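Since we're looking at a predicted model, the values are computed, not measured. Heavy-atom basis, side chains included; hydrogens, waters and symmetry copies ignored. Every chain is numbered from 1, with letters handed out A, B, ... down the list of sequences.
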Amino acid sequence: MLVIALCKGRFLSPSLDLLTRAGIRFPEDVASSRKLIFNSEDQGFRAVLVKPADVPTYVEYGAADIGIAGRDVILESGADVLQPLDLKFGYCKIAVAGANGISAGAPPNPSRPTIRVATKYPRITMDHYNARGIPVEIIPLSGSIELAPLIGLADRIVDLVETGRTLKDNGLEIVEVIAESSARLLINRAGYQTKRDEVLHLIQALERVIR
Amino acid sequence: MKSYAQTPPGTQIVIGQAARRRRVLERTICSVFEGWSYEEIIPPIFDYYDVFAKGMGTGPEEQIYRFIDREGNILALRPEFTSLVAKTVATRLASSPKPIRLYYSGEVLRFEKPKGGRQREFAQIGIEHYGGSKTADVEILLIAVETFQRLGVQAFQINLGSVDFFGGIVDRMELPPDQIAALKDVLNVKDQSGLEALLEHLPLGDRRKKILRAVPHLTGNKAVIAEARELVRNPRSVEALDHLEEIYSIFERLDLAQHLTIDLGEIRGFDYYSGILFRAYVRDLGFEVASGGRYDGLPAAFGEDLPAVGFSFSVDRLEQIVTPTLPIADVEAATIDVDKGFDKALQLRRSGKAVKLCL
């Protein structure tokens, strides 16, 4: 039996839909139930529901053999897992945004030599600015990131941008895109070797569905 | 004042039965190594930083614990054994008859996130084979197999690749180092869409792109080698395939091929690897328990050009799989009441019996 870690929240329904089309059916009530563990109808798979940011951890440790999570979450976690498939849903960008009318090169705040960046993605943000040699002070926040530049907490934000609507409504715009993100299939390195047939079978089934 | 109840992050204390189990595990593994004529080497716990920096290459060298002695030398706590052993073989043992077979067992230290039961200080136990022919690859793989069997682990899988297969492919492409690094990054995680995104910007012909697209999938049994032969013509890759095929055939003849997986997409590891490269996994443990490969260039870095191959087991990880089944003999100790004197205790000790004094 393979254990699949699935994200609670907006990824759950498209993940289940994808698995169903690949022939892996779970009881109907997965999305509405309070239970966290479900076996597939053929008993070949066990789904565990976890917070999106925790999916890479479950897979890296082998507590789950496979997982479905956004590329943003995988990059932020730094987890060492295989990522063979782009599952073609949950498209968004990880982007630097700031107040309207500020170009990427210009210092956002001339009175501060080190720019302040508010984000839910401290690791991605640090890697991005480190690679460019730009000193930054990272302000980790857990929600309503768009607020930070509006009330002077930060000069820039790094956040997920899906349609850009939230940014626009708050008078912000994308300064630069760090990475494109979409849902990915994650596989534990050891599981890929020791449960090879089951894992490859699943990859092939999913490949057929997303094509 | 700081509380001393807790040890610093990344360290651990092993006590009593757990310690006994660990020693039995180590002893069992060492006896396998000794059975293949490997001799123990006990290297120092610290050495000059340059020794390890040379061995580990850029990137992992950041994990080395460094300090400065009173004369101003930069020293380092050993983050691995291979550099230390290679240096010793290339210097003190330079005139010894070859091949040289050595094993080591001890703690190493790396400043990394504790993960999967491995702390910042963790135990490694492994072998090194210097100055032998290429067939030494088979020898060390067979020793790894016997170690698992002796420990009672049946569901283990050795994932075997070669640095030369991928090396031969990229040699011809003449890409700048940062693009090779980017390619390795996506291939290491078998990221197909990431690879496609990279290929769009690389100045490569269709044939070469086709080879790179195939690399993550070149994993499985002997058929993979045949599949790979259709793709490459450069001598370095072809030689690597010949060698892997030879190893696989020997494993088939020994009825051990079920434990071997060819993985030509396996290109991770320290900079010093130069030929075969392998990692061993055990069912139901999420992390590799052993890794190794060939590193012919390493002794040369210390002044003696010698072929070299070896591997190490992570004791802390192996322990999680093995200890429940490993037999630990309980020692029966006679209880002695010391009110009647110590004579009885000494008498029993002289005859080799265990005693426990009642004080």
Side-chain angles (χ1 to χ4, degrees), chain A residues 1-3 5 56-67 69-71 74-75 77-91 123 127 130-131 177 179-201 203-204 206-207 210-211, chain B residues 112-118 148 153-161 178 181-182 185-197 200 213 215-217 219-221 224 258-263 265-266 268-269 278-291 314 317 320-321:
Chain A
M1 179 181 271
L2 287 180
V3 179
T57 309
Y58 276 81
V59 176
E60 185 179 28
Y61 273 74
D65 302 301
I66 45 190
R71 179 157 184 257
I74 306 171
L75 286 174
S77 74
D80 182 26
V81 294
L82 298 175
Q83 305 155 41
L85 285 186
D86 180 347
L87 298 174
K88 315 252 162 128
F89 69 84
Y91 285 106
R123 185 188 194 118
D127 287 351
N130 277 352
V177 172
E180 304 281 341
S181 179
S182 60
R184 301 296 160 102
L185 184 72
L186 287 65
I187 302 180
N188 174 268
R189 286 192 182 272
Y192 187 82
Q193 298 303 331
T194 57
K195 301 174 186 176
R196 171 173 221 89
D197 292 344
E198 294 162 87
V199 169
L200 290 181
H201 188 79
I203 293 178
Q204 281 155 11
L206 288 171
E207 257 179 336
I210 54 183
R211 256 178 203 155
Chain B
E112 61 183 6
K113 207 174 132 208
K115 217 176 237 183
R118 200 169 91 173
F148 280 120
V153 177
Q154 300 306 330
F156 65 91
Q157 208 59 39
I158 296 174
N159 194 31
L160 179 68
D178 60 321
D185 281 348
V186 292
L187 292 174
N188 274 336
V189 294
K190 301 194 187 288
D191 177 358
Q192 289 179 26
S193 57
L195 178 63
E196 285 307 321
E200 245 174 65
R213 282 193 188 102
V215 167
H217 303 289
T219 162
N221 58 19
V224 165
Q258 73 275 19
H259 292 299
L260 202 59
T261 306
I262 301 292
D263 189 349
E266 178 63 272
R268 297 173 294 154
F278 67 88
R279 285 157 203 275
Y281 299 94
V282 176
R283 200 176 166 98
D284 296 328
L285 188 72
F287 295 89
E288 71 202 33
V289 291
S291 65
S314 169
R317 286 179 182 164
Q320 299 172 44
I321 293 289

task = Can you measure from NZ (B/Lys190) to CG (A/Leu85) and round to the nearest 0.5 angstrom?
result = 12.0 Å
remark   = Scanning both residues in full, the closest heavy-atom pair of B/Val189 with A/Val81 reads CG1-O, 3.3 Å
ask   = Just by modelled atom types, is the A/Pro84 backbone N or O under 3.5 Å from a matching donor or acceptor in the B/Asp191 side chain?
value = no
task = Answer yes or no: are there more than 12 heavy-atom neighbours, outside A/Tyr58 itself, under 6.0 Å from its atom OH?
result = no
ask   = With a 4.5 angstrom heavy-atom cut-off, which part of A/Glu60 approaches chain B: side chain, backbone, both or neither?
value = both
note = The ring-ring contact (aromatic ring centres under 6.0 Å, His included) partners of A/Phe89 (sequence neighbours excluded) come to A/Phe11
query = What part of B/Val282 is in contact with chain A, defined as an atom under 4.5 angstrom from a non-hydrogen atom: side chain, backbone, both or neither?
reply = backbone
request  = Check each atom of B/Leu285 against the heavy atoms of chain A and say whether the ones under 4.5 Å are side chain, backbone, both or neither.
outcome  = backbone
query = Between the side chains of A/Arg71 and B/Ser193, does any donor sit under 3.5 Å from an acceptor?
reply = no
Part of residues 191-201 of chain A lying next to chain B, heavy-atom separation under 4.5 Å = A/Tyr192, A/Gln193, A/Thr194, A/Lys195, A/Arg196, A/Glu198
remark   = Residue from B/His217, B/Glu288, B/Gln157, B/Gln192 scoring the most non-hydrogen pairs under 4.5 Å with chain A is B/Gln192
